[in-house]
Every structure is written in structure tokens, then in C-alpha cells.
2 protein chains.
Amino acid sequence: MEKASRPHRITSADVARACGVSRATVSYVLNNDPRQTIPLETRERVLQAARELGYSPFAPARLLRSGRSQLVLAVLPFEQVDPALSRSLKELEQRLALHDLTLLSYVGVHPQMGTMHPSAHITPSVLLSYADQTDPLVADFLQPFHAPILHLLGDARIEEQVGNMQAQYLIQSGKRSLLFLASERKDVQRLSHYRFLGVQQACLQGECVEPVLCVLPSSREEARAVLQDTLTKSPSPWGICCYNDEVAFAALAALADENIAVPLTAAVVGCDNIPLAQWSLPALTTIAFHNEPGLDSLIEAIVALSRGESVSWKAQKTLTLITRASA
Amino acid sequence: MEKASRPHRITSADVARACGVSRATVSYVLNNDPRQTIPLETRERVLQAARELGYSPFAPARLLRSGRSQLVLAVLPFEQVDPALSRSLKELEQRLALHDLTLLSYVGVHPQMGTMHPSAHITPSVLLSYADQTDPLVADFLQPFHAPILHLLGDARIEEQVGNMQAQYLIQSGKRSLLFLASERKDVQRLSHYRFLGVQQACLQGECVEPVLCVLPSSREEARAVLQDTLTKSPSPWGICCYNDEVAFAALAALADENIAVPLTAAVVGCDNIPLAQWSLPALTTIAFHNEPGLDSLIEAIVALSRGESVSWKAQKTLTLITRASA
DNA sequence: CTGAAAGCGCTTACAG
DNA sequence: CTGAAAGCGCTTACAG
């Protein structure tokens, strides 16, 4: 069996031929070139011919010629994309589409050897990095794209604030034995570390004892055992800061399995405010992130960068504590 | 302020000049062309020069010449990407990278007028559609890419099976008043509909009364009220089939708020087996999807299609009931 | 207002 | 084994 023969591609030349104009004119019409004044009649002939032939310009050819890609690439090196992120990507996509920019996402930092770097296959004009900007592996990965980078994650300080805010709230509501429940996920250890630091600080300031760090196993039976074991090391009532809402769900389950009253004997605070957070038993008190400056300013920055202008834009995250029933 | 001047791009000509060979040789070496036998010494000189200059080939130029894109585009027209999907994309990416294919994701079906279709900016060699294949809007969107399409979603039949399996299990464990809890999410109504059909069938076969369809509101207070109201319409014990695990969490919360015993008075079955499913109170009984044929076969199909070969591959989903405590 | 022509950077027959 | 050359499809000065 042979390889399929190259399918005939409809080119701008075909369109030009079909309506008896030059390829230049086709290009001017299709790209709405403001420097040209094409008579309406010609314009419509071209547009119709393009439609009839099902013509769409060949992306790599445009790009090779123009040098400007209309592609924005979001780099998401996470084990899993959480729903909050996915929704914000969706919104970004809609907004960027209005500026004729296409948002694409790439998962994973591609550490494999012997294969080509993705930049050999795709040429984004702007990179949106959701990766840890202090990680040199990330920098190495982004560099070959030769595109301006917008770092959308907050810095370490905001992560400390998360832990700090969780702990302060628990201390102020009378819990003096604090726990930090970390995730087993490898890709998240750094964030987790900073959040724990924030908890430590709050304990220092609140004149509590040193908080206990605990990695919660991912099976319910083990989680129960580990938590139970950890709790015996400090007197109740406990304040439990969780790395994120998923860990908080696990904590809530382990506490229920141990018949420990929430929030009376143990209070639980999560982080992320996932959609499911309101449905836990009891409903989860958690931390929500907000992006400052807002989406408008981010869009502006992306559009400018994609045009080769230089802009300064910096992610500024702020936090809110969402108080529900678990703490 | 002027637009930034076009940055000097390092081309294969630069590399060729740097080590005194022709551009052809550079290309042969970098692409590992099996039809050429380049002496090791030359080979290494080229490789090193490329490395030193930080050369990476310009994607659109390669593509324009070769006609073959190494890009695989996953089209995800969902309001949100769930964690299960995101993990499977990650795995797909890793596997495809070994074949020098880059997996990119696109969220949303881009219904907006007046802007260019994404195909003007990107040229995938294979399309992975996670959209409803019977939706003509989806077909219209995919067509301009002129690329072979793999539909990864199961067909309507498998969705009916979901509802059927949920309901059968509940009926067989003694629940004869069945409920189907749908989601408020617009993008998911069609799936939801098929699953409900499956529940209806099971009720017919199991000689139960017609199942009650109920859309669960997204606030906890309203959800409780609506569920309570719905339950009064049929005698306990109730069997509750949920559109997915998120809805099941909501149902569990509403039942707890109403002090209804689970699974005794009301049993709950979800769908998807999300990671959080084991942490609900009580732990969630749910349906898990499996893909047949497996990942290996999918990878094979994608690789073949990207080479222009034609293959027949069809998503075959199978289901398992994961029994935990909620039903 | 329209068209002929150059050239983006690459790969790949082809000639040596 | 290596190099000169063609050409992928497009946009965009430039000449008319």
C-alpha cells in the first residue's frame, strides 16, 4: 500500500483564476487590507469564489511570509487541569478570538530526549506560562519558542499568603493545634512547600506550637489511619490547613470515618474554591484566588505582544477566604 | 513608538555557514534522513553548530515545504475540561511525543463571525474530536482543517448504557422509585438526555414506575429544596441516578441536609469515577468508562493518519460499575 | 485600482 | 558523499 498521494490543496491562485483577478487582489480582499481600495463588486466576486471553492489560506505559507503568527500558546505542565483553569482558558479563548488570535494549550513540559522540541512544529507569537517561573526546566522548555512569555502564576509570596490566611483564620477561631495536609502529587510539592511556610509563620505570630506537616495518602483507608495517628500527637481542637480542596475532601472523609466533629473538634480549610467545595459535608471553607489586574488588561497585553510591541504586565493574585461550614 | 523590528532569526543557512557545509546537509543531519549517509564527523559538526547557535527550524517553512504537519489537535468544546479528560490528554501527549507528534488542545467551537477560522493559523495533520459527532455545528467547524478526524466520544448507545447500568443496579438492590438528576450545564444536555433514556428503559424492563427527571440547581439551598420537593412525589426508598459525579455530590449534600439516610432510604449512583468520588460521604458508587481498543491502538491510528495513511479506528467505550457505599 | 514578481526558510529530487 | 536549485503558498512592496 502506498502513502496517500498529496491531496490537491485549493490555493489563492485557484480563487484568483476562478474570478479572473490576481492573487494579490485575492489576498487584499481576504485580509481586508486597509491600504487598498478594492471596488465592492470585485470584493464580492472574490469572497464568493473563495466560499464556493471552500478556500482557506494555508497557515504555514501565510506565516512564513508574514513572520507573524496569530497563535497564543498556553503551557500547562500540570498532571491535571482543574476545572477553574479550564474555564478561564475557555474565556480567554473567546476574548482572543475577537482579535483574530487562536489560543491553543499544551500540556506537559516534554522532558523526553531524541524527539524534536514542539517549537519545530508550532510557532506561537505569545506564550502563556502556567508553570513555575523559577524552575529552570521550564525556562529551558520555553526558550526555543523565541516568543514573549507572560507568566500567569503568582509568585511564592502569594502561596505563603494562602497558608497564612488559612492558619490565621483557624487560630482566630480558637484552634491552637495546627496541621498542614500536603498532597501526594509530585508536581505540586513546591507550591505545597510555600503554603506550609505560610502556616508556620502564622503559628509563630499567633504564638501557637509548630504546625504538623502530614502527607495524606490517596486511599481512604490509609488516609484515615494516617490522620488518626497524626492527631494523637497534639491536643484537640485541631485546625487543619489543606493544600487544596481535593485534600480537604479527603480530610473531611477521614475525619468522618473517625467520628471527629467538624468544625467543633477539627476545623478544615481548603484552597481553590472548586465548584464541588459547596457540596462537601460540611460545606468547605476555603480560599479563592482572584486575578489582578483583570482579564481586560491581560488580553490587551497579549494582543500587544502578538503585534511585536513590548508591554509590561504582571500577574497579581489576591485572595479571599470563603467561609462555609467546615471551619 | 515603532513596532519592534523583526528579530533576526537563525536559519539553517547560518548553521551551514558556521560549519562550512550546504543547507541540504544541515537538513539531512537534523532530520536524520535515512537515505543519506553523512560521515559522523560532519554530522557532529553540524549538530554542534546548531546547538551553539541555538538554531531551531522554523516550523511554518518546514511545513510549507513538506506538506506534512506534525501537529495533532484535540478539539474540546466543553465548558470545562474534567480532570479525567485532562489526565488522558497528558498521557496521549507523552505517547505522541515519542513519534515526534505534538498534541495541542483547542477549547470551544468558535462560533463567532467576522474572525478567521483557526485553520488559518494552524494546520494539524490529525484532529481528535471530543465533540458530539452528530452536531452539524461541530462538523462545520472541523471541516476547514482538511484533516482526518478521529471521534473519541462514544456514541449515543454507550450513554444509554450508563443510565441503564445505574438504574439496573438500583432496582436490583431494591429501589423501585427512580430519579434521574440532570445537570444545569447547557453543553451536556444531549448526553444527559441519552442517559435518562437508559434509565427509562431499565425501569420499563424492571417493571418500575416511570423515573422522575429533575434538574438539580447549583446552589445548595435550592438543591435541597428541589430534591425534597421531588422526593415527595414518589414513595421511598429512592434510587437516584446522577448525570455525573458532580451532580452526585450535590445530591449527597442535599440528602444529608434533609437527613435522609444513604444508601438505606436513598441510594445514589454517579458517573465518571472522578478522583474525588472515593471521598464523598458516603463514598460514591459510580460508573467508570474504559476505552476499547486501548491507548496503543489509538496512538497507532493517529501516527498512521498523520503520515497520510488511511486507517479505520472506532472508539469503543465499555463500562464498569464501581461499588462503594452510596448505593 | 490591479498585476507581476520577490522572497519568507525549509526540504528534497537531482546532478555531480 | 555534497551542493545548487526548485518550489511549497502566501503577502506585500513596487510598477503600471
Side-chain angles (χ1 to χ4, degrees), chain A residues 3 5-17 19-46 50 53 55-70 100 116 119-123 125 146 308, chain B residues 3 5-17 19-46 50 53 55-70 100 116 119-123 125 146 308:
Chain A
K3 286 188 180 182
S5 70
R6 173 194 294 255
H8 176 63
R9 176 178 292 286
I10 294 153
T11 71
S12 71
D14 294 324
V15 179
R17 207 173 311 117
C19 53
V21 299
S22 74
R23 286 157 65 215
T25 308
V26 172
S27 176
Y28 291 143
V29 170
L30 260 42
N31 290 315
N32 245 313
D33 191 322
R35 284 160 306 190
Q36 310 292 329
T37 63
I38 313 281
L40 195 68
E41 193 267 334
T42 311
R43 208 177 199 57
E44 284 184 342
R45 237 172 49 226
V46 171
L53 293 173
Y55 169 69
S56 48
F58 190 45
R62 318 182 70 196
L63 184 46
L64 176 58
R65 176 61 232 239
S66 71
R68 293 220 173 292
S69 147
Q70 301 284 82
D100 250 326
M116 285 235 176
S119 67
H121 306 139
I122 180 157
T123 311
S125 66
H146 299 296
Chain B
K3 284 189 182 184
S5 70
R6 175 194 294 251
H8 176 62
R9 176 178 291 286
I10 294 154
T11 72
S12 72
D14 294 324
V15 178
R17 208 174 308 119
C19 54
V21 299
S22 72
R23 287 158 64 213
T25 307
V26 172
S27 176
Y28 292 144
V29 171
L30 261 41
N31 291 315
N32 246 310
D33 191 323
R35 285 160 305 191
Q36 311 291 327
T37 63
I38 312 281
L40 195 69
E41 194 266 335
T42 311
R43 209 178 197 58
E44 285 183 341
R45 239 174 45 227
V46 171
L53 293 173
Y55 169 69
S56 48
F58 190 46
R62 314 182 75 196
L63 184 46
L64 175 58
R65 177 59 232 240
S66 71
R68 292 221 173 294
S69 149
Q70 301 285 84
D100 251 327
M116 283 237 177
S119 68
H121 306 140
I122 180 155
T123 312
S125 65
H146 298 296

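All values below were derived from every heavy atom in this structure, side-chain atoms included, with hydrogens, water molecules and symmetry-related copies excluded. Note on naming: letters A, B, ... go to the chains in the order of the sequence lines (proteins, then strands), and numbering restarts at 1 for each one.
Using a 4.0 Å cut-off, some side-chain N or O of Ser12(A) falls inside it from OP1 or OP2 of dC10(D). A sub-4.0 Å separation between OP1 or OP2 of dA13(C) and a side-chain N or O of Tyr28(B) is absent. Using a 4.0 Å cut-off, no side-chain N or O of Ser22(B) falls inside it from OP1 or OP2 of dA4(D). The side chain of Thr42(A) contributes an N or O atom lying less than 4.0 Å from OP1 or OP2 of dT2(C).
Taking the side chain as every heavy atom from C-beta outward, Tyr55(B) and Asp14(B) never approach each other to under 4.5 Å.
Residue-level contact check: Asn31(A) touches the backbone only, with heavy atoms under 4.0 Å from sugar-phosphate atoms and none from bases. Within 4.0 Å of Leu63(B), counting heavy atoms only, lies no atom of the nucleic acid at all. At the heavy-atom level, Pro39(B) lies under 4.0 Å from the strands shown only through sugar-phosphate atoms. Across all strands shown, Ser27(B) has heavy atoms under 4.0 Å from base atoms, whether or not it also approaches the sugar-phosphate.
One can place CG of Leu64(A) at 12 Å from P of dT12(D), the figure rounded to the nearest angstrom. Atom CD in Gln36(A) sits about 10 Å away from atom P in dT2(C), given to the nearest Å. If you measure from atom CZ of Phe58(A) to atom P of dC10(D), you get 8 Å, rounded to the nearest angstrom. Atom CZ of Arg43(A) is separated from atom C1' of dC1(C) by 12 Å (rounded to the nearest Å). Atom CZ of Arg9(B) is separated from atom C1' of dG7(C) by 15 Å (rounded to the nearest Å). Atom-to-atom, CZ of Arg35(B) to C1' of dC1(D) comes out at 15 Å; the value is rounded to the nearest Å. Following rounding to the nearest Å, Tyr55(B) (OH) and dT11(C) (C1') show an atom-to-atom distance of 10 Å. Taking atom CG of Leu30(A) as the reference point, atom P of dT12(D) lies 13 Å away to the nearest angstrom.
Heavy-atom nearest nucleotides on DNA chain C were determined for Ala61(B) and for Thr25(B), and the one closer to the 5' end corresponds to Ala61(B).
Put simply, the side chain of Gln70(A) never gets that close to the backbone of His121(B): no donor and acceptor are under 3.5 Å apart. Judged by distance alone, with hydrogens and angles left aside, the side-chain atoms of Ser12(A) form no donor-acceptor pair with the main-chain N or O of Arg23(A) at under 3.5 Å. One N or O on the side chain of Asp33(A) and one on the backbone of Arg35(A) form a donor-acceptor pair closer than 3.5 Å.
Taking a pair to require two hydrogen-bonding distances under 3.5 Å in either a Watson-Crick or a G-U wobble arrangement, dT2(C) pairs with dA15(D).
Here the shortest heavy-atom pairing between Ser69(B) and Thr123(B) reads OG-O, 2.6 Å.
In this structure, the nucleotide among dC1(D), dC8(D), dG7(C) sitting nearest to the side chain of Arg65(B) is dC8(D).
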